[in-house]
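Okay, so here's the structure we're looking at.
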2 protein chains.
Amino acid sequence: MTDSVEPASVQGSVGQGSVVQGRGQDKRKRLIDAACQVFYAHGVERTTLADIAAAAGIPLGNVYYYFKTKNDLIQAVVEAHLSEARAMLAAVEAAHDGPLGRLKALFGALADQSELIATYGCPQGSLCTELDKLPDGPGRAAELMRLPLDWAERQFSALGRADARDLAVEVIARYQGSAVLASTLRDPDLLARESARVAAWLDTVSA
Amino acid sequence: MTDSVEPASVQGSVGQGSVVQGRGQDKRKRLIDAACQVFYAHGVERTTLADIAAAAGIPLGNVYYYFKTKNDLIQAVVEAHLSEARAMLAAVEAAHDGPLGRLKALFGALADQSELIATYGCPQGSLCTELDKLPDGPGRAAELMRLPLDWAERQFSALGRADARDLAVEVIARYQGSAVLASTLRDPDLLARESARVAAWLDTVSA
DNA sequence: GTCTATAGCCAGATAGAC
DNA sequence: GTCTATCTGGCTATAGAC
């Protein structure tokens with residue numbers, strides 16, 4: 001890791017799992033947030049604990065007071081992503097009444113991040129892809145895909161579709177695939193166009 | 001890298017760029033083939049040159065006679081993937097007459113690899129995702145996505161569709177996304193089902 | 001061209017003072 | 001709880017015999 005300046009803040013605020021936490025633990029949260037951002041921008045493997053400690057403004061040795069190993073930190077980052085994903089889905093449900101509006105709201109929010117996604121890929125998807133090839137097997141990262149998949153399936157079920165699972169797979173796959181293409185080709189417009197086409201398709205599905 | 005036994009051969013024969021090559025260069029080819037497989041199974045970052053040398057049955061020091069740096073080997077692997085992809089698309093074009101048959105043939109071939117893809121992801125897609133976050137920028141890896149994308153676009157254009165580019169993006173994105181989901185969830189059936197739905201969708205597009 | 005031995009570096013992890 | 005200094009191992013890359 002040689003570059004020190006990043007193209008502005010990379011993520012909102014992934015992290016913060018438990019509501020009640022001793023106030024000494026805010027360094028733990030800072031470490032997780034820093035790890036989320038640096039992992040996303042540069043990849044898990046390539047990121048060193050020194051990078052994360054520097055990004056969090058914490059000396060390297062102190063990291064081991066909060067996380068015994070790098071793998072422990074990675075697990076904590078996955079949990080933080082899960083928490084944020086759950087919160088986002090809950091917020092979408094609270095803000096919209098019908099299943100169709102909710103589905104479109106979710107993908108509208110993703111389209112708003114097209115610049116970021118075209119630079120670094122889908123935060124959840126690229127993490128899953130990377131963790132997939134790590135030694136310890138599937139792990140909890142799979143939950144990161146199951147969560148939006150199951151959520152989308154429930155929305156399609158609420159629309160009365162018997163093929164809700166297939167539709168959920170299609171909609172999530174189209175987003176994940178668009179993210180892969182957009183980031184590989186560095187083309188945010190590709191993601192925006194495909195998002196619009198997915199929205200149009202969703203309207204035809206409700207019938 | 002500690003494990004030595006893999007679940008059988010991982011790829012057919014990625015590699016072999018130039019037709020004419022001195023017969024001392026078959027070690028170079030063996031190294032590229034070995035790198036393709038080990039990169040695919042364990043990821044580029046995690047794979048060491050010692051892993052590749054061992055897989056190719058070549059002593060570590062000798063690797064540097066053929067490739068000055070690890071990055072050079074990575075580039076050679078990308079070129080090998082490009083060659084194989086071009087060959088596969090050419091074979092599909094030779095074996096099928098109409099654009100629709102060609103598109104369906106391509107995705108049928110992918111569905112046949114669902115077990116492998118559900119284990120390690122899409123060979124091209126996971127490589128692109130991983131190289132995306134490496135230091136040297138986009139590089140030639142983007143070509144790996146542009147190649148099938150442009151090819152699909154030509155097929156849809158031949159069908160007389162004005163929105164050929166959008167349709168190409170959709171079909172490739174659905175495959176790439178399915179690969180991400182299938183490998184994350186370790187579910188080959190997901191890929192098979194979505195492939196079938198893409199095939200059905202292709203029939204409606206021709207109209 | 002091939003291979004052994006090893007230099008040099010850097011990352012994960014620990015020891016222990018404060 | 002916090003931080004400095006350091007150990008240890010492994011990986012890229014090189015030197016140089018054959």
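Here is how names work: the chains are called A, B, and so on, in the same order as the sequence lines, proteins then strands, and each is numbered from 1.
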Rounded to whole angstroms, how far apart are NZ on A:K68 and P on C:dG12?
18 Å
Considering only C:dA11, C:dC3, D:dA13, which nucleotide approaches the side chain of B:K70 most closely?
D:dA13
Which nucleotide, C:dC3, D:dT2, D:dA13, lies nearest any side-chain atom of B:L49?
D:dA13
B:Y64 side chain near D:dA15 phosphate (N/O to OP1/OP2, under 4.0 Å)
no
What are the two closest heavy atoms between B:Y64 and B:L49, and how far apart are they?
OH-CD1, 2.9 Å
For B:T184 and A:A141, the nearest pair of non-hydrogen atoms, with its separation, is CG2-O, 4.3 Å
Counting heavy atoms from C-beta on, name the nucleotide in C:dA13, D:dT2, C:dC3 closest to the side chain of A:N62.
D:dT2
Distance check needed: D:dT2 C1' versus A:R28 CZ, whole Å only.
17 Å
For a salt bridge (Lys or Arg N to Asp or Glu O under 4.0 Å) check, start with the C-alpha distance between A:R165 and A:D150, then their side-chain angles and the critical distance, and finish with the verdict.
CA-CA 8 Å; A:R165 188 63 179 183; A:D150 290 349; 2.8 Å; yes
Output yes when at least one side-chain N/O atom of A:Y65 is less than 4.0 Å from OP1 or OP2 of D:dG1, else no.
yes
Between D:dG10 atom C1' and B:E45 atom CD, what is the distance in whole Å?
15 Å
In whole angstroms, how far is the C1' atom of C:dG12 from the CZ atom of B:R46?
12 Å
Would you tabulate the side-chain donor-acceptor contacts of residues 176-183 of chain B under 3.5 Å, counting partners in other chains and residues two or more places apart, or write 'none'?
{"unit_1": "B:S178", "atom_1": "OG", "unit_2": "B:R174", "atom_2": "O", "d": "2.5"}
{"unit_1": "B:S183", "atom_1": "OG", "unit_2": "A:D132", "atom_2": "OD2", "d": "3.3"}
{"unit_1": "B:S183", "atom_1": "OG", "unit_2": "B:A179", "atom_2": "O", "d": "2.9"}
{"unit_1": "B:S183", "atom_1": "OG", "unit_2": "B:V180", "atom_2": "O", "d": "3.2"}

Testing D:dC3, D:dC11, C:dT4 for proximity to the side chain of B:T48, the answer is D:dC11
Round to a whole Å and report the spacing from CZ of B:R30 to P of C:dG1.
15 Å
Taking only the side-chain heavy atoms of B:Y66 (C-beta and beyond), determine which of C:dC3, C:dA11, C:dT2 contains the nearest atom.
C:dT2
Separation of atom CG in B:D26 from atom P in C:dG1, rounded to whole Å
11 Å
A:A76 to A:R28 - nearest heavy-atom pair and separation
CB-NH2, 4.5 Å
Tell me: CG of A:L60 to C1' of C:dA13, nearest whole Å?
9 Å
How close do A:L149 and A:I172 get, heavy atom to heavy atom, and via which atoms?
CD1-CG1, 3.6 Å
How long is the line joining CZ of B:F67 and C1' of D:dT14, in whole Å?
18 Å
Bend angle of the helix from C:dG1-D:dC18 to C:dC18-D:dG1 from five-pair axes at both ends, rounded to 10°?
10°
How far apart are the closest heavy atoms of B:S195 and B:F107, and which atoms are they?
OG-O, 4.4 Å
